[in-house]
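Just so you know, ligand 1 is whichever comes first in the structure, and atom 1 is the first atom listed for that ligand.
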Amino acid sequence: MKQDNTSNTSSPERRMLTFTLHLLGRFLIFFAILLLIGLALQDKMNESLNHEVEKFNLQQGELRASVYNRQLTNEINELSRTAMLISAEKITPANGVQSISGQGQLGGLLDINGQSLLGVSLPKEARLQCARTLQGDPSWRYYKDLGLVVMVPVYEGNNVRHILCKLYTATGLQERTSPFQFTDQQENEKLLLYDLNTQRVVVPFEDYKNSSFYDAAKDSPLGLDQLLSKLEHSQETAIFDPALNNDYVIYAAYIPNTSFVVIGYRQWRSVLTGISNIHLIVLWVFGLLVVLFCVFILYAFTNQVAAEESSALREARDEALRANQAKSDFLANMSHEIRTPLNAILGMNEMIMREASGNLKKYAFNVKSAGETLLSIINDILDFSKIESGKMEIVPVSYSLSSVLNDVYNMVSYKAGEKGLAFHMNVDANIPDALHGDEVRLRQVVVNILNNAVKYTPKGSVTFTVKAHSYQSGSVELEFITQDTGIGIREEDKEKLFAKFQRLDIEKNRNIEGTGLGLAITVRLTEMMQGNITVDSIYGEGSTFTIRLPQTVEKNEPIGDFNARIEAALQEEAHYQKSFTAPNAHILVVDDNDMNLTVVESLLEQTRINIHTASSGKECLQLIQDNHYDIVFLDHMMPEMDGLETLSRAKKLITSKCQDTPFIALTANAVAGVKEMFLAKGFNDYLSKPVDGKTIERMVQKYLPPEKICLADAGTTEAIPAPAPETVAPATVEEQIDLPTAMKYCGNNEEMQKKFLSMFVSRRGSVSQQLENDLQTGNIEDYTTHVHALKSTALSIGGIKLSECAKALEMAGHAYIEVPENEKDSQLAYIQSHHPEALALYQRLSQEAKERFGLE
Ligand code: ADP
C-alpha cells in the first residue's frame, strides 16, 4: 500500500522524465537524418560540381586544340607561299630555303625521292611523308629526337618537281620562341602537345620534367593513360580525379588531322570560383536550415514540455482538490460526531460547576474553558473547510444591528474585563437599525477581530467604532473599526496576516492560544459578503483593523443612542439573574443520546420543571398523544426518524395534545444558515449544542406560559446580587485585583471572596519560599506543579496578571520537561528571568489586599 502511494506520487515526475527522454531521442534521430541528408547532398553537390568542371575543361581542350591547329595551318600556309614563289621562279630555291630557316627551324629542298638538294637532310623514314607530299598535299610528322617536319610540294607546271620542307628541331620546339609554344595560356594552367605516334611530348611547358604533372615512372604526362582511354570514344576529354591530383583538372583534345593531342592541367578552383561560391552559399543555407530546424525542435520541445508540465500540474491540482474535498468532507462529517460528545462533556461539567465548591469547582471551570476553546477551534476548522470546499453560503436575513452589537458588546466586554482592559464602543447614532444581510457571519467577523484585539493586547484598551458610509438607494456601507493598544504587527508580517494557519511573532505570542485560522476565515467571509478588510499597525504600539461591509437597509429608522440600549440590556440581564421555578410546567426532551438527555435534565433541575425524555422520534410521537407539553426540545440527527420528520409528523397528528406547543430544535449542527432552515421547517426556535445552563433557562423562560413561571424574590433568590460598587474602594491604575473575576469565582458571595483573598495573602510567604527552593535546587518539575497551583488560586481571587505570569511560567516549565537536553537552556532562562516578576506581583497583590479590603 505504501509502495503504491509512493509510485502514485512520483508518477507525474517519472512520466515527465520518460516524456523528456522520448522527445530527446526523437530529436536526436531527426538530427542524425538531417546530417545524413546534408552529407549526401554535399556528395551530390561535389559530384555535380566535378561534372561541371569536367564539362568546362572539355571545351577548354577543344579551344586549345583549335589554337594549335590554326598555328600549324599558319606554318603550312607560309611554307606553301614560299613553294609557290619558287615554282613561279620569283625566288631561287636557295633563297626560298634561306627564308624559311631560323632559330630551331631548318629549311630544305628535297627531290622527289626525298634526297636533300638544299639545306636540311632527313632520315630515311621521312620518305613515306615525301611520298604523301608528292600527291600534292602538305604533310607534317614528328620524328623522335629530330623534331617536327612539315613538307609542301613545289610545282613545275602541273607536276610536282621538288619538296620544300621545314624541320622544327626537338630542342627548338621547347624554346619560348617556338611558334608552337602557347603564349596565351593562363596562370594556373599548364599546356603541352603530345604526339601519339612517337609517344613523345612534342611541346612541353616550361620546367615540365620538374613539375608535379610529369609522371617520371612512365616518362609521360600525368594522367595520360586515363586520358587516352577516354579519348578512344571522343575527340576531347577531361578528368578530375583526386587520386591523381586533388587541385587540378586534366583535359585533352585531338588536333584534327594530326597525331597530336593537346594536354592541359588547370586548377580546379580557378575554374570554379563562381560555382564554388554557389556551393558555399548552398552549404550556408543548408547550415542555416539545420539551425532553424534545431530552434524549431527546441521550441516544440519546450512547448511540449510546458504542455506536459501543465497537464501534470492539472493532474496534481485535481488530485489536491480531491484530497482537499475528502478532507473537507471528513471534517464536515466529524462535526456532528465531535460536537455531540463535547456537548455531553460541557453539559456534565456545568452540573459539576453548580454543585461543586473549592478546588473541584476550579477544576471544572478549567474543563469548561478548555472545552470552549476546543469547541471554537472545531468551529473554526469546520468553517474553514466549508469555505475551502465552496460549501459556505452567505444567507441574508432581516436583522437588527443593535441586537448584533449588543451580543458583540456582551462577548467582548466580558473578555476585556477579564484581562483588565478598557473596552470602549462608539456607535454612530444615525446608522439604520433594520438591515438585511448575513447577521451570523457579520457577527462572526466582527467578534473575531475584537477577540484578537483583546487577545493581543496585554494592557490598555480596545476601542470599537461603528460608522456608516455612502447611503445609496436603500443600501449602506458599514465600517467597523477596531483599535487596540496591543503588541502590534511588524511591517513584514502584514502580508502573512490573512494566510491560513499563519501565526506571527511566535516568540511574543508563545502564551497566547490560537490556530492562525481566525483571520483567514474573517477575510474570506468578508469577501464573500462583498466587503473588505484593512490593517494599520505600529509594532509595539497597537493595531487598527477596519472592516467595510455593504448591507441593505430595510427601514430608515436610526439606531440611536447605543449606550442607552446597552444599559437596557444590562437591566434585562439583571432581571434574568432573578432565577425562576416552574413546578407546574411540563417539557419533553427528545434525543437519541442518553448523556444529552441527562445534561438537559440536570441543567433545568433547579427550575423544578417536570421533564419527560424520549430517545427517538417514534417515542416522541407517542408521548405527545398521551401528554400535553409546554415546550418540546427536539434533536435533529436521530436514527430512523430525524427531528425534521418527527416535527412534520407531529404537526399532522390530529390526536396530538401538543398542537400549539412550541418545538425547539436542539442540535450539534451549528453551521451557517441552519437556524433559518429550522425556522423554515416549522420549528419555533433553535439551540445549538453544547448548551449552557443560562441559555437553556433563558429559552425556557421565553416560551413557557408566563403564568407558570414563578420568579424568585430578591430575599429568597439563590442568585447573589453583585456587590454594590460603593462597598469597594475606588480602583487605582495599579490595581491588581479584578473584582468581577473574583466575584465570579466565589458565586458572587462577598464574604467568600474576602475569605479566599485572606487565605491567599496569608499563604504568600510559604508559596514564595517553595518556589524559590524549587528553582534553587533545579527541581523544575515541582516548580511547574507549584506555579500551576498559583495560576488558578491567583485567578480565583481576581489576580489576573499574576495568574497570567504563573501560567507563562508553568508553560515554560512543561516545555523544559519535554524538550531535549540541548534546548532546555532557553526555557530555564525564561523561568529564571520571569520568576522574580511573579514574586513581585504576589507581593503587590498582598499589599493591595491589605489596603483595599483591610485584610491583615
Ligand atoms: P490566532 O488563532 O493565532 O489568533 P488569527 O488568524 O486570528 O489566528 O491571527 C493570526 C495572527 O495575526 C495571530 O497569531 C497574531 O500573531 C496576529 N494578530 C491578529 N490580530 C492581532 C492584533 N490585534 N494585534 C497583533 N497581532 C495580531
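In this structure, Gly488 is part of the shell of residues with a heavy atom less than 4.0 angstrom from ligand 1.
Considering each of Asp484, Thr522, Asn452, the one bringing a non-hydrogen atom nearest atom 20 (N) of ligand 1 is Asn452.
No more than 12 heavy atoms of other residues, nucleotides or ligands sit less than 6.0 Å from atom NZ of Lys415. Residue Glu781 places its CD atom among 12 or fewer non-hydrogen atoms of other residues, nucleotides or ligands, all under 6.0 Å distant.
At under 3.5 Å, not a single nitrogen or oxygen of Leu497, backbone or side chain, sits near a nitrogen or oxygen of ligand 1. The N/O atoms of Leu519, backbone and side chain alike, include one that comes under 3.5 Å of an N/O atom in ligand 1.
Contact atoms of ligand 1 toward Leu517: 6 (O), 8 (O) (distance under 4.0 Å to a heavy atom of the residue). Applying the 4.0 Å criterion to heavy atoms of Lys455 picks out, from ligand 1, the atoms 1 (P), 2 (O), 4 (O).
Proximity of Asp380 to Ile521: side-chain heavy atoms (C-beta onward) are separated by under 4.5 Å at one or more points.
No hydrogens or angles considered: nothing links the side chains of Tyr539 and Glu492 as a donor-acceptor pair under 3.5 Å.
Applying the ring-ring contact (aromatic ring centres under 6.0 Å, His included) test to Phe464 and every residue at least two apart in sequence or in another chain returns nothing. With sequence neighbours excluded, the residues satisfying salt bridge (Lys or Arg N to Asp or Glu O under 4.0 Å) with Glu319 are Arg322.
The side chain of Ile487, and not its backbone, has at least one atom closer than 4.0 Å to an atom of ligand 1 (non-hydrogen atoms only; side chain from C-beta on).
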